[in-house]
Novice: 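One structure, as structure tokens, below. Some questions next.
When reading the values below, keep in mind they use all heavy atoms of this one structure, side chains included, and skip hydrogens, waters and symmetry mates. Order of the sequence lines sets the chain letters (A, B, ...), proteins ahead of strands, with each chain counted from 1.
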2 protein chains.
Amino acid sequence: MNAGVRSPTLHDVAREAGVSLATASRSLNGSARKVNDAYRERVQAAAARLGYTPNLSAQAVAKGSTMTVALVVGDISDPYFSSIAAGVIGAAEESGFIVTMAVTARDSERELALVRALRGQRPRVLILAGSRTSDEPSQQALVAELTAFESTGGRVVVISQHELPFDTVLLDNYGGARRLAAELVGLGYRRFAVISGVPSLLTSRDRVLGFLDGLAEHDLTVPADRIVHTEFTRDGGFAGAVELLEHGIDDVELVFAVNDVMAVGAMSALREAGRIPGESIAVAGFDDIPTVRDITPALTTVQIPLIDVGRHAVELALAPRTAGGTEIPVETTVVIRESTPARK
Amino acid sequence: MNAGVRSPTLHDVAREAGVSLATASRSLNGSARKVNDAYRERVQAAAARLGYTPNLSAQAVAKGSTMTVALVVGDISDPYFSSIAAGVIGAAEESGFIVTMAVTARDSERELALVRALRGQRPRVLILAGSRTSDEPSQQALVAELTAFESTGGRVVVISQHELPFDTVLLDNYGGARRLAAELVGLGYRRFAVISGVPSLLTSRDRVLGFLDGLAEHDLTVPADRIVHTEFTRDGGFAGAVELLEHGIDDVELVFAVNDVMAVGAMSALREAGRIPGESIAVAGFDDIPTVRDITPALTTVQIPLIDVGRHAVELALAPRTAGGTEIPVETTVVIRESTPARK
DNA sequence: CTGTTAGCGCTTTCAA
DNA sequence: TTGAAAGCGCTAACAG
């Protein structure tokens with residue numbers, strides 16, 4: 001009931017079983033069958049009797065390596081990240097890895113500090129799921145830190161864009177947005193507004209670029225005052241829509257928000273202003289987080305197989321190291337739903 | 001670029017700075033200022049030059065304790081858990097703790113195995129966020145495992161109900177559901193259906209009980225065939241609604257799903273069957289996960305401050321141990337939204 | 001205040 | 001095969 005009893009150690013088990021430390025170690029963890037069955041059983045029985053659990057930290061220092069995957073996300077309560085995390089955790093556990101998690105709160109200073117701290121865990125793998133930003137001076141420090149980590153045997157996997165010189169799970173943000181634009185034009189839409197994240201956010205930038213290029217193919221453009229920059233969150237989406245409404249968007253037919261949570265926030269703002277999503281105005285998002293098929297109207301979006309993205313990240317990390325850094329491209333597919341009905 | 005270089009050790013730093021191992025240790029980590037400033041600076045400079053990061057595993061074995069919090073959740077991609085996780089991670093990081101995470105997939109066998117494995121990390125704190133089940137034989141083994149963990153100095157915190165003899169963050173599932181029922185009756189509802197989880201799930205059971213008791217106060221009941229048992233997920237909610245529809249629920253005025261993701265799934269099923277949530281049928285949920293204020297109609301639910309729940313769990317774990325196990329009760333508050341308009 | 005020296009729990013040579 | 005013993009990187013007495 002009260003503390004004070006220490007956890008049984010391998011030493012205890014060995015004594016209980018009447019064998020040496022080495023034999024105990026080999027019976028419980030050592031790979032190949034190099035231990036007499038009789039001994040092995042004695043040891044296992046003793047371990048069970050004592051409730052022995054190997055001290056992972058001790059194993060880590062003795063072996064010089066851990067079985068942990070460190071995952072860095074922007075915000076775990078965001079469905080985008082939590083879905084990726086689910087994939088990472090699932091795949092990691094299947095391979096016997098433990099996953100530790102840290103949250104950057106979308107702050108790149110903080111991300112750098114976290115990576116530095118996480119290095120202390122000597123994880124075998126470090127996965128960065130937060131989206132990259134451009135022009136940050138801290139990016140350079142981050143690369144240095146990650147490179148140092150790799151040079152000591154760690155594996156780095158970045159999810160999203162291939163800005164950093166590491167293995168990456170590449171999301172086709174640009175292409176997905178471009179195809180989305182094409183499909184929307186095909187549905188009859190001509191006048192658009194865009195709710196974007198801050199320009200330095202690469203994911204956001206790529207999606208906006210792809211969308212605009214997709215429109216440009218059909219000789220359509222979006223006036224600069226119809227592209228607002230805001231936070232990459234639900235509230236950002238809401239605020240972005242409010243800003244657009246203030247600019248006056250009576251003739252806008254469709255609002256593209258660069259991710260689903262923003263789109264959902266935007267829908268609420270539009271609705272509050274009397275514009276009915278899916279009826280008097282269309283809305284599209286990006287990601288296909290689980291809930292958007294259940295909202296009304298169901299949201300048109302670009303699907304990313306988020307769980308798979310997480311799984312791929314660990315597969316990549318556990319695969320043999322390659323020369324220039326491998327990349328696994330992940331397809332994005334346009335999903336048209338009721339929020340963008342065909343016009344006319 | 002290639003592996004092979006080992007991480008710099010404290011030893012390297014000490015040599016580089018021309019001081020002893022102990023001095024290096026004290027300069028970098030040791031608590032009180034017991035080191036000459038000149039030395040301290042030399043050491044810190046050397047550490048920076050070498051890119052030294054203390055090996056947490058080594059520290060753990062030397063100190064005999066770690067700075068990690070292990071969090072066990074049912075499914076991290078479920079907003080209920082991911083919000084709690086956000087709170088846990090936030091609070092843990094503020095106290096300098098690392099959090100490791102494991103997922104039970106709502107399987108109590110698996111939960112037991114995970115707890116056993118997690119013990120190997122020798123975390124200071126083990127937080128169980130998955131909801132408890134009754135009558136499972138594995139519960140007993142779980143208690144044994146957790147008790148053993150506590151007896152070796154660890155802290156256990158359970159989130160949800162006080163079934164287990166450990167510190168707990170107590171969610172008022174019963175009371176919240178009861179108050180919800182009262183409010184709904186106040187709004188004019190009289191005929192209900194309930195989509196519940198499996199009966200052994202304590203959270204589900206408490207919510208159903210509270211709801212029924214709340215109705216009973218007004219001499220209302222729910223016929224047994226209007227209470228369906230299904231999975232505690234979005235798809236479960238969908239399936240539950242389908243089942244209700246098959247039973248025929250033309251006269252049902254309101255469907256109470258025992259959690260929000262189920263309610264959201266149920267809404268989709270109802271809508272597909274031609275019943276419009278918020279118009280031809282009302283729906284209520286429980287949890288108040290972030291998205292439900294943005295769905296249409298916005299969902300009436302019982303709010304749990306999920307982030308705070310996570311924070312409380314670590315506060316509890318980091319507070320001095322008490323005799324019988326402390327519990328922090330968390331209030332739940334009814335939030336009436338458009339999915340349950342006043343009748344007539 | 002600094003350095004020396006045992007450990008911490010475990011793995012892994014190296015002999016036996 | 002098994003056991004003794006030397007580490008792994010770090011902390012914490014214990015002397016100086």
Novice: Looking at A:Ser20, I'd like to know whether one of its side-chain N or O atoms comes within less than 4.0 Å of OP1 or OP2 on D:dG3.
Specialist: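 So the side chain of A:Ser20 is within the cut-off, an N or O lying under 4.0 Å from OP1 or OP2 of D:dG3.
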
Novice: Can you tell me the distance, in whole Å, between the CG atom of A:Leu56 and the P atom of C:dG9?
Specialist: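 Taking CG of A:Leu56 and P of C:dG9, I get 15 Å after rounding.
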
Novice: Ignoring hydrogens and geometry, is there a side-chain-to-backbone donor-acceptor pair from B:Arg42 to B:Ala17 under 3.5 Å?
Specialist: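 The answer is yes, because a donor-acceptor pair under 3.5 Å joins these two groups.
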
Novice: Nearest whole angstrom, please: distance from the C1' of D:dA12 to the NZ of B:Lys63.
Specialist: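 Roughly 11 Å, once rounded to whole Å.
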
Novice: By nearest atom, which of the nucleotides D:dC8, C:dG3, C:dC1 is closest to the B:Asn36 side chain?
Specialist: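 Closest of the options to the side chain of B:Asn36: C:dC1.
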
Novice: Return the minimal non-hydrogen interatomic distance between A:Thr104 and A:Gly74, and the atom names on each side.
Specialist: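 Distance-wise, the nearest heavy atoms are OG1-CA, 3.3 Å.
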
Novice: Starting at the 5' end of DNA chain C, which residue's closest nucleotide do you reach first, A:Ala58 or B:Asp37?
Specialist: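 Closer to the 5' end of DNA chain C: B:Asp37.
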
Novice: Can you tell me how far P of C:dT4 sits from CZ of B:Arg15, to the nearest Å?
Specialist: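 Going from B:Arg15 (CZ) to C:dT4 (P), I get 15 Å.
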
Novice: Output yes when B:Arg311 and B:Asp308 qualify as a salt bridge under the 4.0 Å nitrogen-oxygen rule, no when they do not.
Specialist: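 No, B:Arg311 and B:Asp308 are not salt-bridged.
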
Novice: Check whether any side-chain N or O of B:Gln59 sits under 4.0 Å from OP1 or OP2 of D:dC10, and answer yes or no.
Specialist: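 No, because none of the side-chain N or O atoms of B:Gln59 sits under 4.0 Å from OP1 or OP2 of D:dC10.
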
Novice: Whether the B:Thr100 and B:Thr68 side chains hold a donor-acceptor pair (N or O, under 3.5 Å, no angle test) is what I'd like checked.
Specialist: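 There is no such pair (donor and acceptor under 3.5 Å, judged by atom type) between the side chains of B:Thr100 and B:Thr68.
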
Novice: Tell me whether the OP1 or OP2 atom of D:dC8 has a side-chain N or O from B:Asn55 closer than 4.0 Å.
Specialist: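 No, B:Asn55 has no side-chain N/O under 4.0 Å of OP1/OP2 on D:dC8.
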
Novice: Could you check which of D:dA4, C:dC1, C:dG9 has an atom nearest any side-chain atom of A:Ala22?
Specialist: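 That would be D:dA4.
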
Novice: Check whether any side-chain nitrogen or oxygen of A:Thr23 sits under 4.0 Å from OP1 or OP2 of D:dG3, and answer yes or no.
Specialist: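 Yes, A:Thr23 has a side-chain N/O under 4.0 Å of OP1/OP2 on D:dG3.
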
Novice: Do A:Asp12 and A:Arg6 have side chains that approach each other closer than 4.5 Å (heavy atoms only, starting at C-beta)?
Specialist: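 In short, these two side chains touch, coming nearer than 4.5 Å.
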
Novice: Does the side chain of A:Asn29 get closer than 4.0 angstrom to OP1 or OP2 of C:dT11 through an N or O atom?
Specialist: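 Checking C:dT11 against A:Asn29, a side-chain N or O does come within under 4.0 Å of OP1 or OP2.
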
Novice: To the nearest Å, how far apart are B:Tyr39 OH and C:dG3 P?
Specialist: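 From B:Tyr39 OH to C:dG3 P: 5 Å.
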
Novice: Atom CZ of A:Arg42 and atom P of D:dT2: how far apart are they, to the nearest Å?
Specialist: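 Rounding to the nearest Å, CZ of A:Arg42 and P of D:dT2 are 10 Å apart.
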
Novice: Let's see if you can work this out: which of C:dT12, C:dT2, D:dG7 has an atom nearest to the side-chain heavy atoms of A:Ala62?
Specialist: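 Among C:dT12, C:dT2, D:dG7, the one nearest the side chain of A:Ala62 is D:dG7.
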
Novice: To the nearest angstrom, how far is A:His11 atom NE2 from D:dA4 atom P?
Specialist: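 Spelled out: NE2 on A:His11 to P on D:dA4 is 10 Å.
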
Novice: Of the candidate nucleotides C:dT11, C:dG3, C:dC10, which contains the atom at the shortest distance from the side chain of A:Ser25?
Specialist: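 In terms of side-chain proximity for A:Ser25, the closest of C:dT11, C:dG3, C:dC10 is C:dT11.
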
